[in-house]
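Presented below is the structure to which this report refers.
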Amino acid sequence: MSQDINNKNEWPLWEVFIRSKAGLDHKHAGSLHAADADMALENARDVYTRRMEGVSIWVVESRHIRASDPGQSESLYEPANDKIYRHPTFYNLPDEVKYM
Amino acid sequence: MVQSFQEHFDSLIDREVTIEPKDWMPEDYRKTLIRQISQHAHSEVIGMLPEGNWISRAPTLRRKAVLLAKVQDEAGHGLYLYSAAETLGVSRDTLYDQLHSGKAKYSSIFNYPTLTWADMGAIGWLVDGAAIMNQVPLCRTSYGPYARAMVRVCKEESFHQRQGFEIMLTLSKGTGVQKKLAQDAFNRWWWPSLMMFGPPDAESPHTEQSVRWRIKRMTNDELRQKFIDVTVEQAKVLGLYVPDKDLKWNEERGHYDFGTINWDEFREVVKGNGPCNRQRLETRKKAWDEGQWVRDAAMAHAAKRKARKQEAANAA
């Protein structure tokens, strides 16, 4: 998302996602520069997992990420506000009903 | 409800909501952050040099492994911070240019020489100690990527201070000569460490606005006092003397009073006239220039591999 033009010779920017242990999701850890995907993985290993922070790494070039616009938060997320019937607590059931 | 961008931004700050890269922000907020985060990143990178000086001469294999790990961490911290700065729309190359041309500053502490092995202890204990004091409140700074980088840095930094204190402890419990080395390093690093917190609040041009924006959570003087109060107690454990004849516990304030800091020296070092300013920048520029062919070769290699893959795909 760099608007700076002084980066013609830079290695591309990559976003790094790390699974901290088996069974958990990959989570965004940060970013780094690398010439290609293999180097991005190796650099991510050195930069973001020096203390056993991960068991799996994903890298993706930053320019491939499309991010939502915070200015549109209202139109994107507000419609969910009046749909409380999507939550289980919306429904009143008698106390004697178990396991539901 | 019509709100200006500015009002919206102010209300986020007031409600302690974190600002993220795609949020609208005032141009000065962006500039202040770029300046502060990149200065911080440059400090991590230049900060490797005084310690790098002792890697090959560490007294034992254990000390060498530890020092190597610490210096590698500092490279990592620089990278976290450069990445955070880049989310504000400035390129890595621009940031490097600013460092290499002398336009951007880094912490003045790294312009002092590391004369003996004891300096590795004093740096870990005092310089990293002061850095942690500075950095812990920054974990709650208002800009998300900066705050997240600081959380990671702080987690790693505590080993840095502990290993430094351990070196000082070993020396101060050692032979007479070793204890002397420890005291001498303490004498040389104490005052520059106090300067790390920056000029007094009254003379700090950016403090007020930065506190308003929650970029800074505590002022220079508050942090300095806190550092002195905890470090003086630690010096007692080492059995070393704090090199300040005016240092005295003030019952009323509940803090230590301390002597006058030599701000003329600070300003000279910031201006570029410290003992090692020129050497540090030259070393850094040399490393960057001599690495150019590696960076170029990596790009050429990546392009070649991509083309080969494309060819194979076309042939199939």
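Sequence lines set the chain letters: A, B, ... in the order given, protein chains first and strands last, and positions in each chain run from 1.
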Counting heavy-atom pairs under 4.5 angstrom with chain A, the leader among B:Arg295, B:Arg148, B:His8 is B:Arg295

### Message
Check the orientation of A:Trp58 and A:His26. Use parallel for under 30°, tilted for 30 to 60°, and perpendicular for over 60°.
### Response
parallel

Of the listed B:Glu156, B:Gln72, B:Lys306, B:Lys155, the one with the largest count of heavy-atom pairs under 4.5 Å with chain A is B:Glu156

Taking NZ, NE, NH1 and NH2 as the nitrogens, is one of them in B:Lys22 or A:Asp69 under 4.0 Å from a carboxylate oxygen of the other?
no

Checked B:Gly76, B:Ala84, B:Ala298, B:Ala149 vs chain A; the most non-hydrogen pairs under 4.5 Å come from B:Ala298

Bottom line for B:Asp296: the part with an atom under 4.5 Å from chain A's heavy atoms is neither

- Message: Could you check whether B:Arg284 makes a cation-pi contact with B:Tyr96, meaning its NZ or CZ is under 6.0 Å from the centre of the six-membered ring and within 45° of the ring axis?
- Response: yes

Taking the six-membered ring for Trp, are B:His77 and B:Tyr80 parallel (under 30°), tilted (30 to 60°) or perpendicular (over 60°)?
tilted

